[in-house]
Participant: 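Mind having a look at this structure? Questions to follow.
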Protein chains: 2
Amino acid sequence: MSARPTVLLVEDEPAQREVLAYNLEAEGFDVVRACDGEEALLCVKEGLPDIIVLDWMMPGVSGIEVCRRLKSRPETRLIPVIMLSARSEEVDKVRGLETGADDYIVKPYSVAEFMARVRKELRRTRPSTVGEVLTYEDIELNSETHRVTRAGAELKLGPTEFRLLATFLEKPGRVFSRDQLLDRVWGRDIYVDTRTVDVHIGRLRKALTQFGGSDPLRTVRGAGYALG
Amino acid sequence: MSARPTVLLVEDEPAQREVLAYNLEAEGFDVVRACDGEEALLCVKEGLPDIIVLDWMMPGVSGIEVCRRLKSRPETRLIPVIMLSARSEEVDKVRGLETGADDYIVKPYSVAEFMARVRKELRRTRPSTVGEVLTYEDIELNSETHRVTRAGAELKLGPTEFRLLATFLEKPGRVFSRDQLLDRVWGRDIYVDTRTVDVHIGRLRKALTQFGGSDPLRTVRGAGYALG
DNA sequence: TAAAGCTGTTACATGGGTGTCACAAAAGCA
DNA sequence: TGCTTTTGTGACACCCATGTAACAGCTTTA
């Protein structure tokens, strides 16, 4: 599956948030940041993350409430949730787990401990994540060596096409809207014309079929693109 | 590699120190003693030990400071460090781990436990750190003699190029970003311009091809560099 | 102490990747 | 069928990432 698991990091305090984000990104995770409960729920709706790190105390919708809602919906129930809290009382811990959180970290904690917990949860729920090779049919993308092959032949594609293909390979079959692709491939704060996506899809198609083979990309009119 | 691994034992209290030294020597280790942080750093500079046992509380440069310095330098980063401390508070433990210590033993401990931890760290790190010869195709790097050859001919390269090549040789094919290379080759807390990596890549390329042969380094546009 | 070697920075050339546009083609819709 | 909307794609100008020479500061060596 995904070589870059997506972590939804929900923490209202900027300093804390960025420290964790820095370490997660350094380890190769895609980090989606959220500052409060409402934003968190929105992000989950946008694109399902592979794991959620949730601060307990937040303005607005609290972490505990977010967790409760996620765990009560079938489509989000299986996403592991790690709760962060400043309170160490056993009572809180119990309540945290009762809402369905999969793990619970009490501040202060070391970054090493935090990373270990995240990896543990991901190992538990996505054993296939450990491999860094994404495949779909005869297409292989190795994110470690940055090489892409189709039916054994190496394909030459630019950085943008590479990330684009990687995005599709993470969730084969899923339809990505142009805006979602811009977010994931180009970056959240980049302003680029939507049609640029079309052009790069074209380039990716050309690259994927340069040695023959059918076009694996599907255009979903009015919605976006999908792999397979 | 030496049949007798060298242990650098840093402990200011003589009784403690001699008990540990006695047991280490009985098990066939070469023991180098140091009474404080400054002496410890000097010993490390003299000749790299295979493992370091470091007392937390010491006059002058503290154990935690010694550890931090060792872990921030590429040439000493891989030496395992075991911290000894009388404090068992969680806070201290966290701080100890954040400095990069590989293990942490809280006093009082049994000698058997101590020896077990030392053996464990050596088992973990020795195969890859001590006297290993790294190869890729016709390139050979001997970390013990600090010599590099290609197709049998000895290459002359500077310290930075040496560590750079060693980094690539540890994972041939893997793409390292410039930031990752700065972390691993220069050191985590060194601030150096990213482009410096490019220059040293160029120097390494020139060194590797000075007697002919193709350039084994691959530039991955927008991502970094890789060997092969 | 001088010489040699190494390092990090800067500046400049260059080539390839990028985004945008315009128009063609296709797909929906009435 | 005719019209509108959406998508495919060739062309092109731009500019950013990379390669590299030059240089000054620093450390090591003779």
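Small disclaimer: the values here were computed from a predicted structure and weren't measured. Labels below follow one simple rule: chain letters A, B, ... track the order of the sequence lines, proteins then strands, and each chain is numbered from 1.
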Participant: As a test of reading the structure: which of D:dG10, D:dT6, D:dT20 is closest to the side chain of A:Arg221, going by heavy atoms?
Facilitator: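 Among the listed nucleotides, the one closest to the side chain of A:Arg221 is D:dT6.
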Participant: OH of A:Tyr191 versus P of C:dT18: gap in Å, rounded?
Facilitator: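 After rounding, the reported distance stands at 17 Å.
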Participant: Report the distance from atom CG of B:Leu157 to atom C1' of C:dG5, rounded to the nearest whole Å.
Facilitator: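 The distance from CG of B:Leu157 to C1' of C:dG5 comes to 14 Å, rounded to the nearest Å.
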Participant: It should be established whether A:Lys206 places a side-chain nitrogen or oxygen under 4.0 Å from OP1 or OP2 of nucleotide D:dG10.
Facilitator: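 Yes, such a contact exists.
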Participant: Kindly determine whether A:Arg178 and A:Asp198 satisfy salt bridge (Lys or Arg N to Asp or Glu O under 4.0 Å), including the steps that lead there.
Facilitator: CA-CA 8 Å; A:Arg178 289 175 176 73; A:Asp198 299 31; 2.8 Å; yes
Participant: Over how many whole Å does the gap from A:Ile190 atom CD1 to C:dG17 atom P extend?
Facilitator: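 Between P of C:dG17 and CD1 of A:Ile190: 19 Å.
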Participant: State yes or no: are the ring centers of B:Phe176 and B:Tyr225 separated by less than 6.0 Å?
Facilitator: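 That pair fails the under 6.0 Å test.
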Participant: In whole angstroms, how far is the P atom of D:dT7 from the CG atom of A:Leu181?
Facilitator: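 Computing the A:Leu181:CG to D:dT7:P distance gives 12 Å.
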Participant: If the cut-off is 4.0 Å, is A:Tyr225 near the phosphate of D:dT6, judged by side-chain N/O to OP1 or OP2?
Facilitator: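 Answer is no, no contact under 4.0 Å.
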Participant: Under a 4.5 Å cut-off applied to non-hydrogen side-chain atoms, are A:Val53 and A:Leu8 in contact?
Facilitator: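 Sidechains of A:Leu8 and A:Val53: no contact.
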Participant: What's the closest nucleotide to the side chain of A:Asp193 if the choices are D:dA21, C:dG16, C:dC21?
Facilitator: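 Taking heavy atoms from C-beta onward, the closest nucleotide is C:dC21.
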Participant: Nearest heavy-atom pair of B:Arg147 and B:Glu154: which atoms, and what distance?
Facilitator: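 For B:Arg147 and B:Glu154, the tightest heavy-atom pair comes out as NH1-OE1, 2.9 Å.
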Participant: Of all the nucleotides listed (D:dT6, C:dG8, D:dT18), which has the minimum atom distance to the side chain of B:His200?
Facilitator: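 Nearest to the side chain of B:His200 among the choices is C:dG8.
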Participant: Rounding to an integer number of Å, can you tell me how far A:Leu204 CG sits from D:dG8 C1'?
Facilitator: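 For the pair A:Leu204 CG and D:dG8 C1', the rounded distance is 14 Å.
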Participant: Mind calculating the distance between CZ (A:Arg178) and P (D:dT6) to the nearest angstrom?
Facilitator: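 In whole Å, D:dT6 P lies 10 Å from A:Arg178 CZ.
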Participant: Choosing from C:dT9, C:dT7, D:dT7, which nucleotide comes nearest the side chain of A:Thr219?
Facilitator: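 So the nucleotide nearest the side chain must be D:dT7.
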Participant: Looking at the side chain of A:Lys156, which of C:dG5, C:dG17, D:dT7 is the nearest nucleotide?
Facilitator: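 So the nucleotide nearest the side chain must be C:dG17.
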Participant: What I want to find out is whether A:Arg33 reaches A:Glu18 closely enough, with some N-O distance under 4.0 Å, to be called a salt bridge.
Facilitator: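 The answer is yes: the pair qualifies as a salt bridge.
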Participant: State which of C:dG8, D:dG8, C:dA27 makes the closest approach to the side chain of B:Trp186.
Facilitator: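 Among the listed nucleotides, the one closest to the side chain of B:Trp186 is C:dG8.
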Participant: Nearest-Å distance, CD1 (A:Ile201) to P (C:dA26)?
Facilitator: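 It works out to 19 Å between those atoms.
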Participant: B:Arg203 near the nucleic acid: base, sugar-phosphate alone, or nothing, with a heavy-atom cut-off under 4.0 Å?
Facilitator: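 Base contact.
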Participant: For B:Asp198 and C:dA13, give me the distance from atom CG to atom P, rounded to whole Å.
Facilitator: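 From B:Asp198 CG to C:dA13 P: 18 Å.
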Participant: Which nucleotide sits closest to the side chain of A:Val192: C:dT20, D:dT18, D:dG8?
Facilitator: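 Looking only at heavy atoms from C-beta outward on A:Val192, the closest nucleotide is C:dT20.
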Participant: Of the listed nucleotides (C:dG19, C:dT18, C:dG15), which one gets closest to any side-chain atom of A:Thr196?
Facilitator: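 Ranking C:dG19, C:dT18, C:dG15 by closest atom to the A:Thr196 side chain puts C:dG19 first.
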Participant: Is B:Phe162 touching bases, backbone alone, or none of the nucleic acid, heavy atoms closer than 4.0 Å?
Facilitator: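 It contacts nothing in the nucleic acid.
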Participant: Over all strands shown, is B:Arg195 touching base, sugar-phosphate only, or nothing at heavy-atom distances under 4.0 angstrom?
Facilitator: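 Since a base atom lies under 4.0 Å of B:Arg195, the category is base.
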Participant: Salt bridge check, A:Glu13 against A:Arg17: does any charged N sit closer than 4.0 Å to a carboxylate O?
Facilitator: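 Here A:Arg17 does not pair with A:Glu13 in a salt bridge, since their nearest N and O are not under 4.0 Å apart.
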